[in-house]
Amino acid sequence: MITLTHFLVVSACIFCIGLYAVLSKRNAIMILVGIELMINAAVLNLVAFGRYDKVNYGGQVFALFAIVLAAAAVAVGLAIILNVYRKYKTINPDNITDLRD
Amino acid sequence: MRDVALHLSDTLDHILASIPLFQPEFALIAAFLLSIGATLFTDRLWKQSSFFIAIIGYIISFVSLLPQLHQPASAFFGMLLIDDFSVFARGIILFALLISTIFIQQHFKGKIFQKNLGDVYTVLLTAGLGLNLLTITTNWLLAFIAIETVSISSYILVGYFSEHKKQSEAAMKYVLFGSVCAAVMLYGLSLLYGFTGNLDFVSAAHLQGLTAAPQVMTSIALLFVFTGIGFKLSFVPFHAWAPDVYEGAPTPVTAFLSTVPKVGAIVLLARITQAWASSLFYFGELTILFLTVVAIVTMLAGNLIALRQQNVKRMMAYSSIGHTGFLLMAVLVAPSGNPSILLFYLSGYVLMNLAAFAFIDSLEQKTGATTLESYSGLGKRMPIVFTCFTFIGISLIGLPPTAGFVGKLLVFTSVFEGYQSSGDLPYLLLLITGALTSVISLFYYFKIPLYAFLRDSQSDQNSNMPIRLIIAIGIVLTALVLGIGIFPDFLLGLFK
């Protein structure tokens with residue numbers, strides 16, 4: 001029997017994996033992948049909770065919007081990273097440090 | 001079957017009745033669609049068509065905003081909440097967007113691009129739509145959509161031109177930092193939804209659900225949600241992107257970033273604080289404690305780091321972080337009073353920052369000066385620009401007779417009243433930090449007239465500056481800042 005708790009544990013794990021990918025930043029694409037994992041953890045949460053909200057389906061609607069927005073943000077992010085690669089020939093954020101105090 | 005039909009016609013009636021209330025946003029949407037068309041077709045015939053469509057869109061949106069004044073209403077099943085607070089905030093946003101659009105048009109007028117400049121106006125219109133939504137909602141779903149709309153448009157604005165390496169770097173840092181914050185906020189929102197089963201953050205069910213949930217979980221979820229709002233407001237510890245992005249982005253885009261998104265985000269934050277602080281549950285205190293600590297740290301960090309900046313845009317970035325701390329202070333006292341103080345401070349802040357960036361941009365274009373050092377001796381060559389710039393500096397510090405002074409005075413007075421009536425230590429700490437950081441800010445804002453008037457320049461090329469539109473706008477904004485500083489009653493009476 002899969003209960004709500006299982007969903008929450010899985011989504012918490014996905015969120016932590018995503019956060020790790022973001023914080024260990026070796027590669028800008030990996031950071032985007034990490035962000036995507038974090039958003040999907042939230043989407044899983046929303047859908048799991050949405051099962052108990054039978055009146056408004058707020059969670060499911062929210063999940064749909066979240067997926068769309070994530071796709072839009074990632075599209076913009078990839079375009080910008082491509083642009084950075086053309087200028088710097090690298091996408092490791094640690095090596096791109098023209099702007100700093 | 002008949003039940004369903006009855007229900008449906010009620011729903012349709014409600015939606016139809018709500019549509020007129022959405023008119024200002026419809027104007028922006030229409031302008032957005034038209035300007036996409038214009039960039040594709042008519043820009044070849046007449047280069048400025050998308051620019052004028054954007055300008056007319058803002059003006060129509062502003063005009064259709066006026067009937068909503070003093071007519072509080074709610075529309076689309078409580079998704080939209082229209083009150084005077086949101087009307088004034090949207091007025092400020094549309095005004096600032098209009099000015100930023102003119103800045104962009106002026107900045108790129110003489111340059112030749114591979115890319116189509118018209119797209120920038122389209123993206124600015126989208127940002128305006130998102131910000132308008134941010135001010136009229138109490139629903140987490142709509143708030144999240146609005147925040148993401150504004151964020152994505154801002155990423156595009158920063159990265160679109162990529163004239164040199166720094167711009168693409170700034171865009172990358174912005175998009176990565178922003179997306180992480182949005183993802184964390186979304187996770188927090190999913191937890192809040194789980195606790196309450198309700199997405200309207202002012203509703204009773206939401207407050208009850210939050211109180212019933214385990215305290216640790218609620219705190220974590222709230223912290224996650226504040227991450228997203230904190231990114232948009234750039235308060236400490238989510239301010240790391242601001243200096244890099246402000247320095248790297250084209251100057252008119254920086255003018256937009258430092259003013260308009262903050263208005264929308266601060267209105268949302270004020271609504272959340274208003275709804276939660278008035279409830280007697282523990283997370284109301286938690287929110288207030290969190291905001292107090294953040295406000296104090298933000299004011300200190302922003303103003304102290306600004307002291308050792310040489311790049312003017314970087315300095316303005318830290319100065320705007322410091323002002324965010326002040327805005328948080330104004331949010332904290334808003335529940336006890338009314339939002340008029342917050343609105344006054346916001347409008348003063350928007351005017352000051354737009355004027356400052358008008359001068360920074362025109363100096364950068366004319367002389368290529370971007371550091372304080374390179375302003376040396378320019379004061380004698382361009383006395384009008386630097387006199388006005390000095391007035392703006394005075395206003396940013398908060399000295400009379402300027403709008404910045406009146407704004408700070410009002411915030412201080414209401415914090416002091418809060419301290420007298422409750423005797424809480426946080427209020428006292430806020431007062432002390434606010435006064436201290438205002439004094440600190442004196443030292444870096446006065447570097448501008450110091451270098452411009454008292455230091456001699458190394459090079460002696462004689463380029464006198466013709467009065468161009470961007471400088472004229474800067475001078476008018478300075479006059480407004482001074483006018484509001486001398487006659488604050490006009491604006492305060494309006495916001496009452």
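Computed over heavy atoms, backbone and side chain alike; hydrogens, waters and symmetry mates excluded. Chain identifiers are assigned alphabetically (A, B, ...) following the order of the sequence lines, protein sequences preceding nucleic acid strands; residue numbering begins at 1 within each chain.
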Would you please go through residues 31-43 of chain A and name the residues with a non-hydrogen atom below 4.5 Å from one of chain B, in numerical order?
Ile31(A), Leu32(A), Ile35(A), Met38(A), Ile39(A), Ala41(A), Ala42(A)
Could you tell me which residues in residues 3-11 of chain A have at least one non-hydrogen atom under 4.5 Å from a non-hydrogen atom of chain B, sorted by residue number?
Ser11(A)
Flag, side chain of Lys87(A) to backbone of Ser162(B), donor-acceptor distance under 3.5 Å:
yes
Among [options], who wins on heavy-atom pairs under 4.5 Å with chain A?
| options | value |
| --- | --- |
| Asn139(B), Val245(B), Val175(B), Val180(B) | Val180(B) |
| Gly197(B), Ser179(B), Gly159(B) | Ser179(B) |
| Ile152(B), Asn311(B), Asn198(B) | Ile152(B) |
| Tyr318(B), Tyr160(B), Tyr174(B) | Tyr318(B) |

Heavy-atom neighbours of [X] [atom1] exceed 12 at 6.0 Å:
| X | atom1 | answer |
| --- | --- | --- |
| Phe77(B) | CZ | yes |
| Met30(A) | CE | no |
| Ile2(A) | CD1 | no |
| Phe76(B) | CZ | yes |

Under 4.5 Å, counting heavy-atom pairs only, tell me which of [options] racks up the most with chain B.
| options | value |
| --- | --- |
| Ala72(A), Ala28(A), Gly59(A), Ala48(A) | Gly59(A) |
| Asp98(A), Ile91(A), Val68(A) | Asp98(A) |
| Leu46(A), Leu44(A), Val22(A) | Leu46(A) |

Side chain / backbone / both / neither for Ala12(A) at chain B, heavy atoms under 4.5 Å:
both
Below 4.5 Å from any heavy atom of chain B, which atoms of Leu99(A) appear? Answer side chain, backbone, both or neither.
both
Derivation and outcome, side-chain hydrogen bond (donor to acceptor under 3.5 Å, both in side chains), residues Ser168(B) and Asn83(A)
CA-CA 6 Å; Ser168(B) 51; Asn83(A) 215 336; 5.3 Å; no
Is there a side-chain contact between Glu169(B) and Val84(A) in this structure, where contact means two heavy atoms from C-beta onward sitting under 4.5 Å apart?
no
Measure the shortest side-chain to side-chain distance between Phe144(B) and Phe62(A) over non-hydrogen atoms and say whether it is less than 4.5 angstrom.
yes
Given the side-chain rings of Phe224(B) and Phe15(A), with only the six-membered ring counted for Trp, is the space between their centroids under 6.0 Å?
yes
Below 4.5 Å from any heavy atom of chain A, which atoms of [X] appear? Answer side chain, backbone, both or neither.
| X | result |
| --- | --- |
| Val184(B) | both |
| Leu199(B) | side chain |
| Gln309(B) | side chain |
| Ala182(B) | neither |

Output for pair (Ser151(B) OG, Leu69(A) CG), nearest 0.5 Å, gives 10.0 Å
Rounded to the nearest 0.5 Å, what separates atom OH in Tyr85(A) from atom CE in Met172(B)?
14.0 Å
Determine the minimum heavy-atom distance between Asn45(A) and Ser190(B), stating which atoms define it.
ND2-OG, 3.1 Å
At their closest point, which heavy atom of Tyr155(B) faces which heavy atom of Val76(A), and how far apart are they?
CB-CG1, 3.8 Å
